[in-house]
Protein chains: 2
Amino acid sequence: MSRQNDKRNQLVNAADKLFHQKGINITTLADIASLAKVPLGNVYYYFKSKDSIVEAVIQMRRQQLHEKMAEWNILASARDRLVALIEWQTTLSQETAASGDALGSLCQELGKQHGVLADMAAELLHELIQWCEKQWQALGRVTEAHTLACKLVASLQGMNLLVLSFKDPNLLNCHTQVLLQELGVRETVAS
Amino acid sequence: MSRQNDKRNQLVNAADKLFHQKGINITTLADIASLAKVPLGNVYYYFKSKDSIVEAVIQMRRQQLHEKMAEWNILASARDRLVALIEWQTTLSQETAASGDALGSLCQELGKQHGVLADMAAELLHELIQWCEKQWQALGRVTEAHTLACKLVASLQGMNLLVLSFKDPNLLNCHTQVLLQELGVRETVAS
DNA sequence: GTCTATATACAGATAGAC
DNA sequence: GTCTATCTGTATATAGAC
């Protein structure tokens, strides 16, 4: 952890926040430098271009996603692990209402540009789906696992879009109830 | 339909296409003017700002959505009307894989900016959900109609994001099968 | 009404002092 | 390594000839 990495991390964290809040295209290097309290020109000592900052942000988010999944993996039952994912989304409902889902907007914005960055963002989504797939397999839904995983992630992402559009965090709580119920149908006993 | 409106419409159509393909923020007035074969400076005779072009595009899409819904409304059963919506999405799978869903990306991009335009885009999504809600009511699912409508639109929108991210139109076909089956569960007989 | 030329502002990126 | 000053390109928007 050198001094150099400190400043670099400040820049990546600032970019991460601004990309989420305003979108990548609208965010300027000046915005990032300003939030990170680093002089504009200095940015190019750490990154050769704006794209390489975007790449660094994606890598950081990938790391964070891995940590989240590792955290969920500790849970004993696959059902609880899926519940943890869904509940995690609800804890983000406030910021989702303000700025959308970080992963979803990243994929949406980069997806149109057809570049390497789009593939990297898509890879994050892919890893999340793969993780869900494993949980469904553990629940015995082996043949349908992939479809169910896509369905779950799509539902969450679609709901995040509604939450953003209608600025209504509560919509997410309401809908995740349904998702949780659907999970419960096969796993819990009536009580 | 004066000559004036012709050029205006050319500009709106060009903007509509480019906003979908590249996103609003990345699309420049020069891009729009060029595609519409209108000199750049002339754009300001028809629109006072870029935002007012965005507004015109949203209004046009609103009109198109109304036409689509009117078209579907002709169908006899509410179930067929919902099927028509889902199948319409699948017919768009190619362009969704290339540029995402037009409505979804609009809401995602504008949703972060918290302006009047964001509200207008959200209104489109709202109208689609309301339309779905009516169909569910007609199917007798009165109390759950709103939830089911949100769920359906969210599923479609989420799937559109996966299709864009993974550049895989077939994913949509695959998933809409599931949605159609779910609709079918309550309405069709085994055969 | 239509278009050319241009003002103005600001983006990403660079040069080079310290 | 760090920062100031600035280049270069290009965006939105305007002025004004025709």
Side-chain angles (χ1 to χ4, degrees), chain A residues 1-58 105-106 109-110 112-118 120, chain B residues 1-58 105-106 109-110 112-118 120:
Chain A
M1 288 300 173
S2 66
R3 202 56 162 288
Q4 178 176 346
N5 280 336
D6 278 0
K7 280 211 175 168
R8 203 192 126 101
N9 287 336
Q10 279 169 36
L11 284 167
V12 177
N13 283 321
D16 175 61
K17 186 175 289 186
L18 291 168
F19 288 169
H20 185 196
Q21 281 176 0
K22 316 204 297 173
I24 296 171
N25 296 323
I26 278 191
T27 300
T28 66
L29 294 177
D31 290 334
I32 298 170
S34 165
L35 183 61
K37 298 196 203 321
V38 168
L40 175 57
N42 202 351
V43 171
Y44 287 90
Y45 177 73
Y46 300 97
F47 301 96
K48 72 174 202 295
S49 68
K50 186 180 178 182
D51 274 0
S52 68
I53 298 184
V54 176
E55 183 177 338
V57 168
I58 296 176
S105 19
L106 194 78
E109 197 168 1
L110 292 176
K112 286 180 193 280
Q113 344 238 73
H114 315 285
V116 192
L117 294 174
M120 291 177 59
Chain B
M1 289 301 166
S2 66
R3 200 57 161 286
Q4 177 176 348
N5 280 337
D6 278 359
K7 281 211 175 172
R8 203 193 125 98
N9 286 336
Q10 279 169 36
L11 285 167
V12 177
N13 283 322
D16 174 61
K17 186 175 290 186
L18 290 168
F19 288 169
H20 185 195
Q21 282 175 0
K22 314 203 297 170
I24 296 171
N25 295 322
I26 277 191
T27 300
T28 67
L29 293 177
D31 290 335
I32 297 170
S34 166
L35 183 62
K37 296 196 203 322
V38 168
L40 175 58
N42 203 352
V43 171
Y44 287 89
Y45 177 72
Y46 299 97
F47 301 96
K48 73 173 202 296
S49 67
K50 186 180 177 182
D51 273 0
S52 68
I53 298 185
V54 176
E55 183 177 338
V57 168
I58 296 176
S105 19
L106 194 77
E109 197 168 0
L110 291 176
K112 286 180 194 279
Q113 343 238 75
H114 315 285
V116 192
L117 295 174
M120 292 177 59

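Reminder, nothing fancy here: chain letters follow the sequence lines and each chain counts from 1.
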**Q** Under 4.0 Å between a side-chain N or O of A:Asn42 and OP1 or OP2 of D:dT2?
**A**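 False: A:Asn42 side-chain N/O out of range (4.0 Å or more) of D:dT2 OP1/OP2.
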**Q** What is the separation between atom CZ on B:Phe47 and atom P on D:dA13, rounded to the nearest whole Å?
**A**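 From B:Phe47 CZ to D:dA13 P: 13 Å.
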**Q** What is the distance from CG of A:Asn25 to C1' of C:dG12, rounded to the nearest Å?
**A**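 Rounded to whole Å, this separation is 13 Å.
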**Q** Could you give the CG-to-C1' distance, from B:Asp31 to D:dT12, as a whole number of Å?
**A**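 Going from CG in B:Asp31 over to C1' in D:dT12 covers 13 Å.
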**Q** Heavy atoms from C-beta onward define the side chain here; which of C:dA13, D:dT12, D:dT4 lies closest to that of A:Ser49?
**A** C:dA13
**Q** State whether B:Tyr45 places a side-chain N or O below 4.0 Å from either non-bridging phosphate oxygen (OP1 or OP2) of C:dT2.
**A** no
**Q** Check the phosphate of C:dT14 against A:Tyr44, side-chain N and O only, distance under 4.0 Å to OP1 or OP2. Yes or no?
**A**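 A:Tyr44 to C:dT14 OP1/OP2: no side-chain N or O under 4.0 Å.
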**Q** With the side chain counted from C-beta on, respond yes when B:Ile58 and B:Leu110 share a heavy-atom pair under 4.5 Å apart, and no when they do not.
**A** yes
**Q** To the nearest Å, give me how far apart NZ (A:Lys48) and C1' (C:dA15) are.
**A**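 So the two atoms are 20 Å apart, to the nearest Å.
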**Q** Look up atom NZ in A:Lys48 and atom CD1 in A:Ile53, then write down how far apart they are to the nearest 0.5 Å.
**A** 11.0 Å
**Q** Just do the side-chain contact (heavy atoms from CB on, under 4.5 Å) check on B:Ile26 and A:Gln113 with the steps written out, would you?
**A** CA-CA 10 Å; B:Ile26 277 191; A:Gln113 344 238 73; 2.9 Å; yes
**Q** Does NZ in A:Lys17 sit with more than 12 non-hydrogen atoms of other residues, nucleotides or ligands closer than 6.0 Å?
**A** no
**Q** Measure CG/B:Leu29 against P/D:dA11 and give the value in whole Å, please.
**A**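 So the CG-P distance, B:Leu29 to D:dA11, works out to 9 Å.
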**Q** Under 4.0 Å between a side-chain N/O of A:Lys37 and OP1 or OP2 of D:dT2, yes or no?
**A** no
**Q** In whole angstroms, how far is the C1' atom of C:dA13 from the CG atom of A:Leu11?
**A**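 Rounded to the whole Å, the gap is 15 Å.
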**Q** Look at the side chain of B:Thr28 and decide which nucleotide, out of D:dA11, C:dT2, D:dT4, has an atom nearest to it.
**A** D:dA11
**Q** Would you kindly give the CD1-to-P distance between A:Ile24 and C:dG12, to the nearest whole Å?
**A** 12 Å
**Q** Return the nearest nucleotide to the side chain of B:Leu40; candidates are D:dA13, D:dC3, C:dT2.
**A** D:dA13
**Q** Please report the distance, rounded to the nearest Å, between CZ in A:Arg8 and P in D:dT2.
**A**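 From A:Arg8 CZ to D:dT2 P: 13 Å.
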**Q** Kindly indicate whether the side chain of A:Leu29, heavy atoms from C-beta on, has any atom under 4.5 Å from the side chain of A:Tyr44.
**A**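 A side-chain contact under 4.5 Å exists here.
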